[in-house]
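Residues take their numbers from the sequence shown, with the count starting at 1. The analysis underlying the following values was restricted to heavy atoms, covering all of them including side chains, and did not include hydrogens, waters or symmetry mates. Both counts, for ligands and for their atoms, begin at 1 and track the order of listing.
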Amino acid sequence: MNAPDRIEELLSATKDAFASGALVQLKLGGYHGDEPELKAVLVKKITTKAGEKYSFTWRYKTRDTIKNYSQSEALALLREGLKDAFRSAQLATTDFDMLFERNGEKMRLKRTDVEGREVPSTDHNRAKNRPLTETDKPWLKALGLAGKNGAIRHDAQDKFRQINKMVEIFAPLIQVIKAERPLIVDMGAGKGYLDFALYDYLATVAERPVRIVGVEMREQLVADGNATAKASGFAGLSFQSGTIMEFDATGADAVIALHACDTATDDAIFRGISAGAALIAVAPCCHKQIRRQMEAGQADARLEPLLRHGIFVERQAEMVTDTLRALLLELNGYKTKVFEFVSDAHTPKNNLIVAEKDGRAGRDREAVLKQITDIKTLFGIEQHYLEGLLGL
Ligand SMILES: C[S@@+](CC[C@H](N)C(=O)[O-])C[C@H]1O[C@@H](n2cnc3c(N)ncnc32)[C@H](O)[C@@H]1O
């Protein structure tokens, strides 16, 4: 058998297992393509309203992206991937495993029989692969996303997609936290969209015990949130009224803040650092504090053209503020990443700073401090609000 047929042999076995219901999973690994942080692709069978589909989970370092395909689309994608970007694949069925390996043009396929493996339930897989499949829920109705009949309202489809996306991003970040029942604190929780969605997914779908506390200064939102959590039977989800700085976050494993206004994001980061949280994730809102200082005209003269136009000052202020936040997190032992977490079609405020506690981060304190000082000097910034909170 010549080399490319090994791929067809694997695909044919996958197709047969899909048809007979014996497919447990196909996992593509050894990725060496262009997508940063892609680790693997997992393929399962799921049953949707539109029929049986191949569900692909793209597993990135800190998040999963899930999409469903018809058989012809799925096989074409797999064929393409196995020829080029992926060097290995493992097919698991109820009767046998197949291991595919490729080294340049050379390919190997090894089959091993297995016994006693159960037929996977595609409904179960569906629930795991798509964060929020059930929509007839009290919290979705209370937040106005689902109508009385339990279906997502036409005008709330976009918001529901965004919420699912957030669960896809946040759930894997929470899942790697070692605590048995992590405490997640959401600062500036608002109506608690993220908290309800994340709690629902983690506690009822992923079966990971968690506690989530939403901190919010608007008392009515807190009362509404607690009533809805009770009506939903979400015993580990609660809302507390007060400001971020008033809240004692001791014991928090994760501190999150989505679009907390201006320096409220810094309050949240500070609370997270002080609590020694394993994860701090913030999606900043406006960046007025730094913008005002940049506009005061103390920046390096060479930056004048870059700061001449209001719209660019705003963008620079955003980048400078969040870069300094990322550096201050690093200085406090956090490995940080910044990426777009929802499409900018939904909101221009779509940067997410994700910081995970890592003993190796910020060890060269002097070097990080120098970077902070240099950026501040360049842009004429006297002090970042977070520096003040951290006593720098
Ligand atoms: C733009 S909303 C975002 C709500 C929610 N995080 C979301 O993404 O849907 C910001 C919320 O943070 C709350 N907030 C702002 N500053 C706060 C502070 N210092 N302490 C507590 N809540 C605050 C506001 O009342 C508001 O509900």
Presence of salt bridge, Glu356 and Lys337, under 4.0 angstrom:
yes
Nearest non-hydrogen protein atom to atom 22 (N) of ligand 1, with distance, is Met217 N, 3.4 Å
Can you classify the ring geometry of Tyr69 versus Trp58 as parallel (below 30°), tilted (30 to 60°) or perpendicular (above 60°)? perpendicular
Ranked by distance from atom 12 (O) of ligand 1, the top protein heavy atom is Gly188 CA, 3.4 Å
Of all protein heavy atoms, the one nearest atom 9 (O) of ligand 1 is Tyr193 CD1, 4.0 Å
### Query
Cation-pi between Lys67 and Phe56: NZ/CZ under 6.0 Å from ring centre and within 45° of the ring axis?
no
Logged contact type for Ala189 with ligand 1, heavy-atom cut-off 4.0 Å, is backbone
Min over Ser241, Ala264, Ala283, Ala257 of heavy-atom distance to atom 16 (N) of ligand 1 lands on Ala264
Residues, nucleotides or ligands: over 12 heavy atoms within 6.0 Å of Asp34 CG: no
Notebook entry, point to check: Is the shortest side-chain N to carboxylate O distance from Glu101 to Lys106 below 4.0 Å?
Noted result: no
Has ligand 1 got any nitrogen or oxygen that is less than 3.5 angstrom from a nitrogen or oxygen of Arg218?
yes
Q. Just distances here: any N/O of Cys261 and N/O of ligand 1 closer than 3.5 Å?
A. no
| query | If you measure every N/O of Ile244 against every N/O of ligand 1, is any gap under 3.5 Å? | reply | yes
For Thr243, the ligand 1 atoms with a heavy-atom partner under 4.0 Å come out as 20 (N), 21 (C)
min-distance protein heavy atom vs atom 1 (C) of ligand 1 -> His259 O, 3.2 Å
For Gly190, the atoms of ligand 1 under 4.0 Å from one of its heavy atoms are 4 (C), 27 (O)
In this structure, atom 13 (C) of ligand 1 is nearest to the protein heavy atom Glu216 OE1, 3.3 Å
Aromatic ring centroids of Tyr31 and Tyr60 under 6.0 Å?
no
### Query
In this structure, are over 12 heavy atoms from other groups packed under 6.0 Å from Lys141 atom NZ?
yes
Review point. Any donor and acceptor pair, going by atom type alone, linking the side chain of Thr263 with main-chain N or O of Asp266 inside 3.5 Å?
Key: no
Looking only at side-chain N and O atoms, does Asp95 offer a donor or acceptor that is under 3.5 Å from a partner on Thr93? no
Exercise. Please determine if Leu258 has a nitrogen or oxygen closer than 3.5 Å to a nitrogen or oxygen of ligand 1.
Key: yes
